[in-house]
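Before any comments, here is the structure.
Numbers for residues simply follow the sequence, beginning at 1. No experiment lies behind these values; they were computed from the predicted model shown.
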Amino acid sequence: MRQDAEWMVPSDDKILELIREYGNLTPTAIEDLGGPSAGHARNRCPELAKYGLLERISRGLYGITDEGDAYLNEELDANELESVEDTE
């Protein structure tokens, strides 16, 4: 069973699953592929990137990280992740 963190919401798993399945995606593409609305994904992707489950490839484009893949494979407890400060 996946171990999510308090800061996560139920739609985060779907976002991560879609990006793992289809490769780098935008929030609009996430919605088009059956995920949460683009507006919601636009809010959640930066949060998932902040904790290292996604990486920001370019403006509005996200890819899954090794940590994100490990979380989906039930090999990582998301409670162990720490927020990384945005260096931009």
Side-chain angles (χ1 to χ4, degrees):
M1 185 170 169
R2 292 181 186 151
Q3 298 296 315
D4 62 358
E6 288 184 16
W7 55 267
M8 295 179 80
V9 298
S11 62
D12 289 348
D13 282 15
K14 183 66 174 177
I15 291 169
L16 292 167
E17 290 165 357
L18 287 169
I19 292 175
R20 179 167 72 173
E21 181 176 350
Y22 292 98
N24 302 339
L25 295 174
T26 64
T28 301
I30 290 167
E31 179 179 18
D32 291 347
L33 292 167
S37 71
H40 182 72
R42 200 170 288 114
N43 291 330
R44 294 308 303 162
C45 286
E47 190 72 7
L48 292 166
K50 181 172 139 181
Y51 285 91
L53 297 173
L54 292 179
E55 66 178 326
R56 183 176 176 242
I57 306 299
S58 64
R59 184 175 182 200
L61 182 65
Y62 294 88
I64 197 156
T65 63
D66 290 341
E67 290 82 4
D69 199 45
Y71 167 74
L72 291 176
N73 291 334
E74 301 177 12
E75 299 166 354
L76 174 74
D77 181 343
N79 285 304
E80 297 173 4
L81 299 171
E82 293 184 17
S83 172
V84 292
E85 293 296 322
D86 191 7
T87 58
E88 293 182 49

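- Looking only at side-chain heavy atoms (C-beta outward), Ser11 and His40 come within less than 4.5 Å of each other.
- Smallest separation of non-hydrogen atoms from Met1 and Glu74: N-OE1, 2.8 Å.
- Residue Arg56 holds its CZ atom at 15.0 Å from NZ of Lys50, rounded to the nearest 0.5 Å.
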Result block: side-chain N/O donor-acceptor pairs under 3.5 angstrom for residues 21-33, not counting sequence neighbours:
from	atom 1	to	atom 2	distance (Å)
Thr26	OG1	Ala29	N	3.1
Glu31	OE1	Ala38	N	3.1

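- Distance check: Asn79 CG to Glu6 CD gives 7.0 Å after rounding to the nearest 0.5 Å.
- Within the 4.5 Å cutoff, the side chain of Asp12 has no heavy atoms near those of the Leu53 side chain.
- The two residues Met8 and Ala78 make their nearest non-hydrogen contact at SD-CB, 3.6 Å.
- Taking every heavy atom of both residues into account, Glu17 and Arg2 meet most closely at OE2-NH1, 2.7 Å.
- There is a path of hydrophobic side-chain contacts, each under 4.5 Å, that joins Ile15 to Trp7.
- Distance CG/Leu72 to CD/Glu67: 12.0 Å, rounded to 0.5 Å.
- With Ile64 as reference, Ile19 is the one residue of Leu18, Leu48, Ile19 to meet the side chain to side chain contact (heavy atoms under 4.5 Å, CB included) rule.
- For the residue pair Tyr71 and Asp4, no side-chain donor N or O sits within less than 3.5 Å of a side-chain acceptor on the partner.
- Scanning all heavy atoms of the two residues, the minimum distance from Pro36 to Lys14 falls at CD-CG, 4.3 Å.
- At least one side-chain heavy atom of Arg20 sits less than 4.5 Å from a side-chain heavy atom of Asn73.
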